[in-house]
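Below you will find the structure I want to go over with you.
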Protein chains: 2
Amino acid sequence: MKKPKGGLSGTLESYLELIHELQTQYGAVRVTDLADRMGCKTPSATSALRRLAHLGLINYEAYRPVTLTRDGKAAIRRMSAGHRILADLFTTVLGLPAELAEPEACALEHRISPTLLARIGTLMDFLHGPPGGTELRDALQQRFAKYLASAEGQERGGPKASA
Amino acid sequence: MKKPKGGLSGTLESYLELIHELQTQYGAVRVTDLADRMGCKTPSATSALRRLAHLGLINYEAYRPVTLTRDGKAAIRRMSAGHRILADLFTTVLGLPAELAEPEACALEHRISPTLLARIGTLMDFLHGPPGGTELRDALQQRFAKYLASAEGQERGGPKASA
DNA sequence: AACAAAATTTAGTTTCATCTAAGAAAAGGA
DNA sequence: TCCTTTTCTTAGATGAAACTAAATTTTGTT
């Protein structure tokens, strides 16, 4: 996870994905939105755009609308599988609402090893598929939800400042 | 996850934890080992040591043995809970052998949000505790293990980069 | 003790990702 | 149209984390 295989850092992957999302959702990619959503200032977003362009993943020219290149689209397709798997884990197993699961998946997908991701994928296949997982999944969900509700509001006693 | 709350980056956390581990395991911390285990060269390790010392987490002077300060020990105590929770998830739910789960937990613990970690902790509490999780856990483990064995060697069947 | 080998540190560079300050372009209202 | 506001970009700086090459210190051997 140290060496971005395709020369694409986790941060840049996030930018790229966000570009795709904004593009399909709003039709356009505004640098301000990009910065907002990434939690940074506009110059950082601009610089990310330049780096992405330099890597051949987007078409970028100053003050022009941004578009994805074929390579860029391919990269996104490659990445989004991981995103789905994680979001699935978070909602299905951990019982997180989609509004929480999504950003968490977003934040983690670029930092998790392919090995681990593959294994999680297998688990989710198992939990969804007929081979035998579905009842188990339902039982887990129902009983964990109940457990959560009972432990309500004190989520593991507060693992943050335990020291 | 962008802003290290206590001014301590994920990388530095890893170094700190490794220092602790080497110290308790071998009694001493050799820069070479530090570098080896972190997958970097010795100058990088040295620079990390300087940064950690500057943050008041270790006592460090050139060519001297490294020791943890009180703050350093506190930081480690604060962090290791997350490590255990993740390793537990990986072995118990995903069925990874400890030799794989450990390094994966190590790599992820500094990159996962407190929220998510807390929820995973709750899940593990549930799965281990008497409230009702244990049979579920055993069922999950056994059946998933079987599923894994059957899907042997092709982890996730192939729709990975489903394009 | 003196020298060779191993370990560690310094020096100097690189890349990434961010920032602030300030200038250029585009959009919109009067 | 012209002027103001918003948006975007450039310029320049910073800090984290890594590298190579070259000192320097420590250790171990004879």
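Just so it is clear: chains get the letters A, B, ... in the order the sequence lines come, proteins before strands, and each one is counted from 1.
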Practice prompt. Specify the separation, in whole Å, of atom NE2 of His110(B) and atom C1' of dA17(D).
Written response: 15 Å
Discussion item. Are there over 12 heavy-atom neighbours, none belonging to Glu61(B), within less than 6.0 Å of that residue's CD?
Written reply: no
Worksheet item: Met38(B) CE to dA16(D) P: how many Å, rounded?
Response: 15 Å
Contacts under 3.5 angstrom, residues 46-53 of chain B side chains, donor-acceptor by atom type, not counting sequence neighbours:
{"from": "Thr46(B)", "atom 1": "OG1", "to": "Thr42(B)", "atom 2": "O", "distance (Å)": "3.3"}
{"from": "Ser47(B)", "atom 1": "OG", "to": "Arg51(B)", "atom 2": "NH2", "distance (Å)": "3.0"}

Worksheet item: Have Asn59(B) and Thr69(B) got a donor and an acceptor in their side chains that come within less than 3.5 Å?
Response: no
Discussion item. Between C1' on dG15(D) and CG on Leu12(B), what's the gap in Å once rounded to a whole number?
Written reply: 12 Å
Practice prompt. Answer yes or no: is there an ion pair linking Glu135(A) with Arg143(B), defined by an N-O contact shorter than 4.0 Å?
Written response: yes
Worksheet item: Over how many whole Å does the gap from Leu52(B) atom CG to dA16(D) atom P extend?
Response: 11 Å
Response to the item:
To the nearest angstrom, the CG-C1' distance between Leu8(B) and dG15(D) comes to 15 Å
Discussion item. Salt bridge or not between Glu109(B) and Arg84(B)? Use side-chain N to carboxylate O under 4.0 Å.
Written reply: no
Worksheet entry | Heavy-atom protein contacts under 4.0 Å, nucleotides 6-13 of chain D, coded B base, S sugar-phosphate only, - none | -SBBB---
Response to the item:
Rounded to whole Å, the CG-P distance (Leu18(A) to dA17(C)) equals 15 Å
Worksheet, complete the sentence: To the nearest angstrom, the NE2-C1' distance between His54(A) and dA17(C) comes to 17 Å
Discussion item. Please tell me if Lys41(A) has a side-chain N or O lying less than 4.0 Å from either OP1 or OP2 of dT18(C).
Written reply: no
Worksheet item: Taking only side-chain nitrogens and oxygens of Arg51(A), does any of them come within less than 4.0 Å of OP1 or OP2 of dC16(C)?
Response: no
Item to complete: Apply side-chain hydrogen bond (donor to acceptor under 3.5 Å, both in side chains) to the pair Ser113(A) and Glu104(B), showing each step before the final yes or no.
Response: CA-CA 8 Å; Ser113(A) 83; Glu104(B) 293 285 358; 2.8 Å; yes
Worksheet entry | Ser44(B) vs dA17(D): side-chain N/O to OP1/OP2 distance below 4.0 Å | no
Practice prompt. Would you list the pairs meeting side-chain hydrogen bond (donor to acceptor under 3.5 Å, both in side chains) in which at least one residue belongs to residues 90-101 of chain B, sequence neighbours left out?
Written response: Asp88(B)-Thr92(B)
Item to complete: For dC16(C), take OP1 and OP2 only and decide whether either is under 4.0 Å from a side-chain N or O of Ser9(A).
Response: no
Response to the item:
Rounded to whole Å, the CG-C1' distance (Leu55(A) to dA17(C)) equals 14 Å
